[in-house]
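Notes follow the structure.
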Amino acid sequence: MHTLSVQTPSHQYPIFIGQNLFAQADELLQPYLTKKTAIITNETIAPLYLKSFQTALDKLGIAHFSIILPDGEEHKNWQTLNLIFDGLMQNRAERKTTLIALGGGVIGDMVGFAAATYQRGAPFIQVPTTLLSQVDSSVGGKTAINHPWVKT
Ligand SMILES: NC(=O)c1ccc[n+]([C@@H]2O[C@H](COP(=O)([O-])OP(=O)(O)OC[C@H]3O[C@@H](n4cnc5c(N)ncnc54)[C@H](O)[C@@H]3O)[C@@H](O)[C@H]2O)c1
């Protein structure tokens with residue numbers, strides 16, 4: 001496994017690169033998790049990887065809940081963003097609840113945008129599951145959703 005350290009003007013965060021890192025999710029995530037965690041993913045990815053994340057958080061004794069969104073670029077919009085906020089509020093997420101984006105670039109963009117705005121900013125971890133999201137959209141901290149007239 002390779003670890004890169006990214007230094008921003010105010011923060012520092014790691015990027016872990018390697019094969020089958022899901023198997024080490026508990027030990028890799030532990031230093032960065034708060035008391036409560038929201039795993040946000042979509043209906044395609046949930047059957048593949050959600051259980052292993054839930055098991056890792058159970059192992060660490062971290063309270064968690066999951067929000068499963070519809071799959072597709074056409075859902076990268078305000079309506080789906082509001083589903084994230086609905087799920088966070090229904091589960092009494094606080095400002096210190098960590099949001100994990102488990103998925104490709106669409107999930108990463110939406111969850112990043114939600115984390116930047118929920119209660120003025122919540123901790124955020126990206127678990128990119130497509131090549132594009134691993135090498136591009138999860139890096140650099142830019143996130144956005146689409147407007148009905150424009151794709152961002
Ligand atoms: N923020 C940025 O800097 C940035 C940069 C580049 C792209 N993007 C955005 O990223 C999005 C495209 O990302 P993408 O190509 O990852 O598309 P995506 O997130 O739509 O994923 C593509 C498909 O693969 C599925 N999938 C994801 N992981 C999987 C896995 N491991 N196994 C099986 N299926 C899986 C998804 O459910 C989806 O159906 C666009 O919305 C684009 O605007 C953002």
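By convention here, the first residue in the shown sequence is residue 1. Remember, it's 1-based here, ligands and their atoms both numbered in the order they're listed.
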Just to confirm my output: which protein heavy-atom neighbour is closest to [atom], and how far is it?
atom: atom 20 (O) of ligand 1; value: V106 CG2, 3.3 Å
atom: atom 32 (N) of ligand 1; value: L48 CD1, 3.6 Å
atom: atom 34 (N) of ligand 1; value: T44 CG2, 4.3 Å
atom: atom 41 (O) of ligand 1; value: E73 OE1, 2.5 Å
atom: atom 15 (O) of ligand 1; value: L132 CB, 3.8 Å
atom: atom 8 (N) of ligand 1; value: S137 CB, 3.6 Å
atom: atom 42 (C) of ligand 1; value: K151 NZ, 3.6 Å
atom: atom 28 (N) of ligand 1; value: T129 OG1, 2.7 Å

- Query: How many angstroms lie between CG in L48 and OG1 in T129, if you round to the nearest 0.5 Å?
  - Reply: 8.5 Å

- Item | Gap between atom CG of L57 and atom OG of S66 - 0.5 Å precision | 8.5 Å

- Item | Per-atom contact, atom 23 (C) of ligand 1, protein heavy atoms, under 4.0 angstrom |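 Answer no: nothing from the protein, no heavy atom, is under 4.0 Å.
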
- Heavy-atom protein contact below 4.0 Å for atom 2 (C) of ligand 1: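 It does: a protein heavy atom is found less than 4.0 Å away from atom 2 (C) of ligand 1.
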
Flag for [Y]-[X]: side-chain donor and acceptor within less than 3.5 Å:
X: T55; Y: D58; value: no
X: T44; Y: D71; value: yes
X: E74; Y: N146; value: no

- Yes or no on side-chain contact (heavy atoms from CB on, under 4.5 Å) for Q54 and H64, after CA distance, side-chain angles and deciding distance? CA-CA 8 Å; Q54 291 169 329; H64 60 87; 3.7 Å; yes

Hydrophobic clusters here meaning ILVMFWY residues chained together by side-chain heavy-atom distances under 4.5 Å, can you tell me if [X] and [Y] are in one?
X: F113; Y: L88; value: yes
X: I125; Y: I67; value: no
X: I62; Y: L99; value: no

With a cut-off of 4.0 Å, which atoms of ligand 1 are near a heavy atom of [X]?
X: D71; result: 36 (C), 37 (O), 38 (C), 39 (O)
X: T152; result: 43 (O)
X: K142; result: 1 (N), 2 (C), 3 (O)

- Item | Residue selection (non-hydrogen contact nearest atom 14 (P) of ligand 1) among G140, P70, G105 |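 Residue with the shortest heavy-atom distance to the ligand atom: G105.
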
- Selection from V139, T143, T130 by shortest heavy-atom distance to atom 21 (O) of ligand 1: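 Residue with the shortest heavy-atom distance to the ligand atom: T130.
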
- Task: Kindly determine whether L102 and F53 satisfy side-chain contact (heavy atoms from CB on, under 4.5 Å), including the steps that lead there.
- Result: CA-CA 9 Å; L102 175 62; F53 262 81; 4.0 Å; yes

- Message: Polar contacts were defined as any N/O atom of the residue lying under 3.5 Å from an N/O atom of the ligand; does this apply to D136 and ligand 1?
- Response: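 There is no such contact.
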
- Message: Checking the N or O distance criterion of under 3.5 Å, is ligand 1 in contact with S133?
- Response: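 Such a contact does not occur with ligand 1.
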
- Query: Charged N to carboxylate O below 4.0 Å: is that the case for K35 and E94?
  - Reply: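 Here K35 does not pair with E94 in a salt bridge, since their nearest N and O are not under 4.0 Å apart.
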
